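Note that the structure is a prediction, hence the values are computed from the model and not measured. Note on naming: letters A, B, ... go to the chains in the order of the sequence lines (proteins, then strands), and numbering restarts at 1 for each one.
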Amino acid sequence: MAAEPIVQVRELSKIYRQGDLDVVALNGVSIDIFPREFVALMGPSGSGKSTLLHIVAGIDRATRGTVLVQGIDVAGLNESQLAEWRNQNVGFVFQTFNLIPVLTARENVELPLLLTRLNGSERRRQVETALQLVGLADRMHHRPDQLSGGQQQRVAIARALVTDPALVVADEPTGNLDAKSAADVLSILQALSRDSGKTVIMVTHDPKAAAYGTRSLHLEKGEIVA
Amino acid sequence: MALPLKYNFRNVVVRWRSSMTTVLGIGAVVAVVIVLRAMARGIEASSGNTGDPRNVLVVRKGSQAESGSLVTREHFRTVQYLDEVARNENGEAVASAEVIVMVTAPRRGGGGEANTLLRGITPRGIELRPQVRLVDGRWFDPGHREVVVSRRLGRRFEGFEVGGTLRAGPTVLSIVGHFDAGGSAFDSEVWLDADEARSIFDREQYSSILVRPRDEAALQSLVNRVENDKQLTLRAEREVDYYAKQTATALPIKIVASLLGGAMSLGAVFAAMNTMYASVASRTREIGTLRVLGFSRRAVVASFLIEGGILAGIGGAVGCLLALPMNGYSAGTLDFQTFAETLFEFRVTPDLMAAGIAFAVSIGVVGSLLPALRAARLPVISALKSL
């Protein structure tokens, strides 16, 4: 394992206000995640695993504590810096795929590249490479509703990879998939960390899914328990 | 960097049901506004292109309209023999003393009766108005109870075809021809011999004198001479200027167009707003996803404004198509100075249509502003969690 962690989480807390009640989602979590790791965040519903993932990925903000990703203090970035940072450094895979229904697979994968300086042909080349990597080069011109769930999730992975981010985060990526499609998706995520040098953090409550990872972290009531 | 336009176009197409409602709503507003403005244009055009810049119209001092003016035969004689007046090849003064009388005639298709303007002209009257051409039949013979009507009036009034008749009190006038006045105010008139008109309507005097000065310098001099001659008590004005002032009759329609257009566009803004709010609501997670991928708040706002603009722009185009069949449609309006029916053609011009589309796009953009801001304000995480 490399010496420098890619993700350093220190004393991270997140408290939501729900009516008059303070709900503690994360309570002083500290973890290190190293390059090329494929970490499974596990735990029951409400344990704070998704919250942790969202804060690390820069789509939610912590109440206390620090998160350093590649040495950058994510909390120190303003809204637009954060958007740019996400675009360049983090790939996202969601449980519900979150593809844009009116765009084709190719156009969906191209979206994050529209925010870069790449020209049309460079973008096309990268999109095709990403779709080949997930085995969907022949479905490029299909819209999401013309693809199966497993195929949609693979398109979503291609979209997460297309900007070549160091970090890929996946929130229950197999939650809406059948066993065969789930296995395909998990194999791709595994290959990303093993062969492509990506760091993958995946939230799941399926032990079989977690088994694809290099390490599992268990959360309960906002704290790391194992 | 902005979201691709195809994203907006396809969303408009995919959500075609609600898109249609907005498109048709805005289309109707734009159509009404264009038609009203086309009407105002037509009225302006009918008085605007009337007359000849070489002619001078002489009326009594203090009268606003030709129909309310009285000019004596002595006046006519005086004016006719002024040095400034041009002569034709026979040495006759190119001047026409004219009588304006109102008659009522039945509209075609049982639409009641309407006033129409009868113009008695002396022989030079036709030669003074080259824009008026005989298109059917022949000109009236002086000394006969004959009239020539405009072709457009012929289509609007019962019995106004060539060979038909026109009743003026107990007198029956034969219609012997149709003329075309090229869309000018004369297209709302019936012409006959001036002396015949004076005898039928028992008029001692004329209403106005139309005269052609020799040249531009003579025109200025004639105007000054008539104006300054205290004996004459007449007012002289270039014919085109006189008719251009009659354009004022289009003003009420312009006001109605603005008021109606304003009220309806307010409604259309709300319709667009409603559609865009629904669109934002059903795409909340999509917006969250775009934000996660790195698109800024500004890009999201711009995208929804563009989408509203596209939607309304299509509505504007539909409005133009709806308004287009009115182009060239002939209608009558009451001239508030003469109380005669004035004919005009609706003019749906390219610039009116362009203005209509621009108006529609602005409705769409204004209507999309609040929904777009709402879409952009949503925190990423809550947008993502919405179903």
Side-chain angles (χ1 to χ4, degrees), chain A residues 14 16 25 50-51 53-55 57-62 77-104 106-120 123 143-145 156 159-160 162-163 165 169 171-172, chain B residues 1-19 275-276 278-304 306-308 310-311 314 372-387:
Chain A
K14 174 77 181 179
Y16 293 106
S50 287
T51 305
L53 186 81
H54 292 152
I55 294 172
I59 55 178
D60 201 355
R61 292 194 185 264
L77 303 176
N78 68 27
E79 208 47 38
S80 65
Q81 290 168 328
L82 201 57
E84 195 183 335
W85 175 82
R86 281 196 301 265
N87 178 256
Q88 290 165 4
N89 298 285
V90 191
F92 292 84
V93 181
F94 305 92
Q95 178 175 3
T96 47
F97 326 136
N98 290 21
L99 298 175
I100 306 300
V102 296
L103 299 180
T104 63
R106 198 183 75 76
E107 290 160 349
N108 263 289
V109 176
E110 192 185 14
L111 274 179
L113 293 182
L114 294 176
L115 297 166
T116 67
R117 288 162 190 269
L118 298 181
N119 65 34
R123 291 202 301 265
R143 279 197 318 269
D145 60 3
R159 182 179 64 188
V162 76
T163 54
V169 299
D171 194 355
E172 303 267 17
Chain B
M1 171 98 179
L3 277 154
L5 281 179
K6 59 191 166 200
Y7 171 68
N8 304 109
F9 272 112
R10 287 188 205 158
N11 271 308
V12 167
V13 174
V14 165
R15 307 169 50 77
W16 66 271
R17 275 196 191 86
S18 69
S19 297
T275 306
M276 293 309 289
S279 188
V280 167
S282 68
R283 276 195 267 161
T284 306
R285 205 170 61 193
E286 215 169 294
I287 295 160
T289 306
L290 291 169
R291 298 280 313 282
V292 168
L293 295 180
F295 286 94
S296 63
R297 285 203 157 107
R298 209 183 303 159
V300 171
V301 171
S303 182
F304 275 93
I306 287 169
E307 194 165 318
I310 289 173
L311 200 58
I314 297 171
L373 289 175
R374 183 189 138 84
R377 278 213 197 100
L378 280 171
V380 179
I381 195 74
S382 38
L384 272 182
K385 281 176 183 164
S386 104
L387 284 178

B/S303-B/N8 side chain donor-acceptor pair, cut-off 3.5 Å: yes
Check: A/T51 and A/K14 side chains under 4.5 Å, non-hydrogen atoms: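 Answer yes - side chains close enough.
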Atom of B/F295, atom of A/L111 and distance for their closest heavy-atom approach: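 B/F295 and A/L111 have their closest heavy atoms at CZ-O, 3.5 Å.
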Proximity breakdown for A/Q88 and chain B, heavy-atom pairs closer than 4.5 Å: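 Neither part.
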Which atoms of B/R298 approach chain A - backbone, side chain, both or neither, heavy atom under 4.5 Å: neither
B/V292 portion near chain A, given a 4.5 angstrom heavy-atom threshold: both
Salt-bridge criterion met for B/R15 and B/E307 (N-O under 4.0 Å):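 A salt bridge is absent here (no side-chain N lies under 4.0 Å from a carboxylate O).
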Residue, of A/L103, A/V102, A/T163, that accumulates the most heavy atom pairs under 4.5 Å with chain B: A/V102
